[in-house]
Every structure is written in C-alpha cells, then in structure tokens.
Protein chains: 2
Amino acid sequence: MTSKPTKAAVARKSGAKGSVQDEAPASNRAARAAERRAAIIEAALEEFIARGFAATRLDDIAKRAGVAKGTIYLHFKDKESMFEELVRLVIVPVVERLTKLPPPAGSVRDLVEAFASTFLREVANTRRGDLVRLIVAEGPRFPAVADFYYREVVQRGIGGMRMLIELGIARGEIREKGLAKFPQILVAPVLISVIWQSLFERHAPLDAQAMLRVHLDLIFGERRTT
Amino acid sequence: MTSKPTKAAVARKSGAKGSVQDEAPASNRAARAAERRAAIIEAALEEFIARGFAATRLDDIAKRAGVAKGTIYLHFKDKESMFEELVRLVIVPVVERLTKLPPPAGSVRDLVEAFASTFLREVANTRRGDLVRLIVAEGPRFPAVADFYYREVVQRGIGGMRMLIELGIARGEIREKGLAKFPQILVAPVLISVIWQSLFERHAPLDAQAMLRVHLDLIFGERRTT
DNA sequence: ACTTTATGACTGACCGGTCAGTCATAGTCA
DNA sequence: TGACTATGACTGACCGGTCAGTCATAAAGT
C-alpha cells in the first residue's frame, strides 16, 4: 500500500504526548475509524481523569488523540454522553475479567486474597484506579454513571463478597458472623488504597498488599506461616 | 435552578435559606461584614459540594448568599483561592472539636467507639461528609488543598489512631500487631460510609453505626455483652 | 463631606457544538 | 490495469452562549 505519509497520519504522528505508539499501516477505512475511536477514548479518559468532567476541554481531547474536534462528534453525541459511554467502555472489560477469574479452589482466605491481589494489581496501580476516584467525584452529578456503577460493580461485588463470607463462616474460617451483613468491610481497605494513592502518594506511599494482608489476618485470624 | 425573588436587602432581612437566622440589628460595620462573609462561605460550600469547583458559578453563590457578585471579591481574591480558603475554614473547627474531644477513660475500644461515633454523627451525616467527597474529587487538581488536608486531618488522624492501637496492643485488647502499621484499616469503614452515603444512598442505604460495631468486633474481639 | 462598602451592568476570553468543504479511498467501467 | 466517479470520514474556522472578573456608580456609615 501507499507508504506516503497522509496528512492525517502526519498530524497524528506529530500530535504530541506519545501516548499512542506508532500504529499499523492503517489499512482499510473501518480499521482506521476504529483506531481513531480508540485514540479518542484513550485521550478522553486521560483528560477526564486529570481535570474532571467540567474542566476538560474537547479541544484538548482532540489534540491528544491527534484528531480534529469534529471527529469526536462522529463517534459521540456530546460531551456528556461521551463521558457516560466512556465509563461503561472502561469498566465492562474489567468486570468481565474479574467475574470469570476465580477457579474455586483452596480456602476462602486464599480465594479472597487471590481476588483482592488481582484487583490491586489490575486496578489500584493503573489508570483504572483513577477512574474509581473520578466516579466518586462525578457520580453525584451523573446519576446515570452512579446507577451503572452501582449495578455493574458495587452490587455484584458486594454480592460476591457476601457469598464468600458466608462460605467462610460455614467452614469456620471466619468467626465474626456480622461480617456477612457488611461485606463493605472486607472491601474497604482496598478502596482506601485506591483513594490514598491518588491523593497522598507523594505525601506517604502506602503498601496496599501489606495492608491487605493485615486486614485479612484480622478477619481470618493470624495467618499460619505456610 | 435557583429562582430567587431577590433584592439583596430583602433576602438578607428575610434570612434567605433559613440557614442564617434573623440576627440582631447588626449595628456596627464589622459585624455586618462578618455576617455577609459567613453567608458567602455557607453558600459557596453548598454550591461547590453540589456542582464541583469548575461547574460552580459565582453568580449562583452570590444569589444564594443574597449578595452581589462584586461583594464576593471584597472578601476573596478569586474563585480558586476562595475554594482553598473555604476548605480550611470548614475543616479547622471540626479538627479542633475532634482533637480535644476524648477525656481518656475506659477501654481503648470504648475510646475508639466514642470517637468514631462522634465522627459519624458530626461528619458522615452532615454536609461535612460531602466535603470529604469534594476533597477526594478536587484534591488532585488542588495540591494546596490536598496538602492541607493531609497535614491537618490525615496525618494527625493516622497518628492518633496509631497511638490508640499501640495502647490497645499493650493492654492486650488488640491481638493483631500489624494493625499499628496500618491505622488506615481502623478508619476505612468510616470513610467508606461517607462515600457510600453520598453515592449510593438511594440505591441501598447503609447503617454506618452498625457496620462500625461489626468492624470493631473484628479488631477487639467479640463485644462483651455489657 | 468624605470614606468605606456594596452593587450589578459590562467585558472579553473561552469553549461546546456545527457544518461547508476537502480528499483519500472504494467502487465502477472499459 | 488504468481512469474516472462516488462516498463519507475528517477537518477546522466559526458561532453563540456562558461566566470570571472589573469598575463606575450608589448607598451606608461616621
């Protein structure tokens, strides 16, 4: 195919930030469109996280994505629905990964620990973590986002945790019966980690994994040193 | 939106929101100025919490405070420093109340429980709680706010909790030694409550007090039935 | 009278959203 | 295969509304 640099390609390449690395030959139209869409989503996520919804400029998103502003409107109705769709687009795959993760084996504690560790690795220390903070920040102003997040993430998560806790109680691994009524307690330190990192990392970094271990010791009793 | 039939004088006399109660003749100048300043602060807090920093309009703050826009600029340099000062003004008295609260008596658990209950009552279920969410939301964009909050609230809070935990360990009330390294765990459920309420109250209200009790049972062992 | 405080109309930068025009590519035909 | 046309993805100048901040004027206080 043409190795001649197209105008668009040049613009994209010179479009700073280096966030999107040199991509494929940009074969057919549909593929290019998908690429651009992806670039817009990536750029928008970055900007929204950095500035919040209201303070984010569509011009900046466009520039970062190496695209003209008008192009954004070929993919999204307006700023608001773009934001809402964005949240869905980022969260759905994460939820999918996490829901079909645990092959039931070993003790409840191992299960919980494996699960939480995965979460910490995949979410807490990536941009996903900032997304959580973003949702906390913008949720009240975007009921649609809050609803979606509650339905897809919180409700499921709480439900799953409750099942694990009940299993743990039945097996005698967990002593505190009341925990089944508040699975939030199980999750709390993980969430705190996420928020802590994005606010106070530079003041005092927090070893989330270690904290998690202490917290699980609290719930399951002192860990036998395997 | 705010539809206010407003002449400033009328608004002031009728005590617009009922938040500022009808006060004395307000004879001297300083007193009136202080009043107006307080009204502005109150109004600004409300608006910032409801809309976030960027989306809040100074016109709305002025209207809510029953004051002309220009008046705001007699008290604050600009929107940004107003926001920062606001956070300080609201947080300082709360910190003061909490720091000189506990007259050391009884078990560590009682101390912690009393402290946390006070916090829940005074913060979680008031506008102060939303302020916490606001700080989480805007912190990254206002380093000054994040710094202040870390220094005045988080650092002190963590320090205090650590002392309590160490006391608890020394007295044998707390078994898990690792907790002293992560006082965040002690506080986590309280913070989660605050966030939960402001995001998901309408989906599923959360009994923060009950959750706190379960959490403390986890840390101090089953509660002795007094 | 004169100083201090308050007002709100006004300004100008800024930004979300639009749309007429461009041009690389896909499709068609010989 | 090469030439010509049709398509629609993409562009970016532009528009109109919005809003932080200003300042000439008015009111209040002494």
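Each chain gets a letter, A, B and so on, in the order the sequences are listed, and its residues count up from 1.
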Asker: Please give, in whole Å, the distance from C:dT5 C1' to B:Glu35 CD?
Answerer: 14 Å
Asker: Which nucleotide in the list D:dT11, C:dC15, C:dA6 gets nearest to the side chain of B:His75?
Answerer: C:dA6
Asker: Calculate the interatomic distance between A:Glu47 atom CD and C:dC15 atom C1'; express it in whole Å.
Answerer: 14 Å
Asker: Rounded to whole Å, how long is the line connecting atom CE of A:Met82 with atom C1' of C:dG16?
Answerer: 12 Å
Asker: Are A:Arg133 and A:Glu201 within salt-bridge range, i.e. N to O under 4.0 Å?
Answerer: no
Asker: Under 4.0 Å between any heavy atoms, over every strand shown, what does B:Leu58 touch: base, sugar-phosphate, or nothing? Just pick one.
Answerer: sugar-phosphate
Asker: Does a side-chain N-to-carboxylate-O contact under 4.0 Å join B:Arg141 and B:Glu138?
Answerer: yes
Asker: Would you indicate which nucleotide in D:dC19, C:dG16, D:dT11 comes nearest to any side-chain atom of A:Tyr73?
Answerer: C:dG16
Asker: Among the nucleotides C:dA6, C:dG17, D:dT11, which one has an atom lying closest to any side-chain atom of A:Asp78?
Answerer: C:dG17
Asker: Could you tell me whether A:Arg127 and A:Glu46 make a salt bridge, using a distance below 4.0 angstrom between a side-chain N and a carboxylate O?
Answerer: yes
Asker: Rounded to the nearest angstrom, tell me the gap between atom CD1 in B:Ile40 and atom C1' in C:dT5.
Answerer: 12 Å
Asker: Given atom NZ of A:Lys79 and atom C1' of C:dC15, what is their separation to the nearest angstrom?
Answerer: 8 Å
Asker: Check this one for me: any side-chain N or O of A:Arg36 less than 4.0 Å away from OP1 or OP2 of D:dC10?
Answerer: yes
Asker: Rounded to the nearest angstrom, tell me the gap between atom CZ in A:Arg51 and atom P in C:dG16.
Answerer: 11 Å
Asker: Select from A:Gly70 and A:Ala55 the residue whose nearest nucleotide in DNA chain C is closer to the 5' end of that strand.
Answerer: A:Ala55
Asker: Let me know the distance between CG of B:Leu74 and P of C:dG8, rounded to the nearest Å.
Answerer: 13 Å
Asker: Flag the pair A:Glu85 and A:Arg88 as a salt bridge only when some basic side-chain nitrogen lies within less than 4.0 angstrom of an acidic carboxylate oxygen.
Answerer: no
Asker: When the distance from CD1 of A:Ile72 to P of C:dC19 is rounded to whole Å, what number comes out?
Answerer: 17 Å
Asker: Nearest heavy atom decides the nucleotide; on that basis, is B:Asp59 or B:Ala33 closer to the 5' end of DNA chain C?
Answerer: B:Ala33
Asker: Would you classify A:Lys69 as touching base, sugar-phosphate or nothing, given that sugar-phosphate means primed atoms plus P, OP1 and OP2, and contacts are heavy atoms under 4.0 Å?
Answerer: base
Asker: Salt bridge or not for A:Arg156 and A:Glu152, using N-O below 4.0 Å?
Answerer: yes
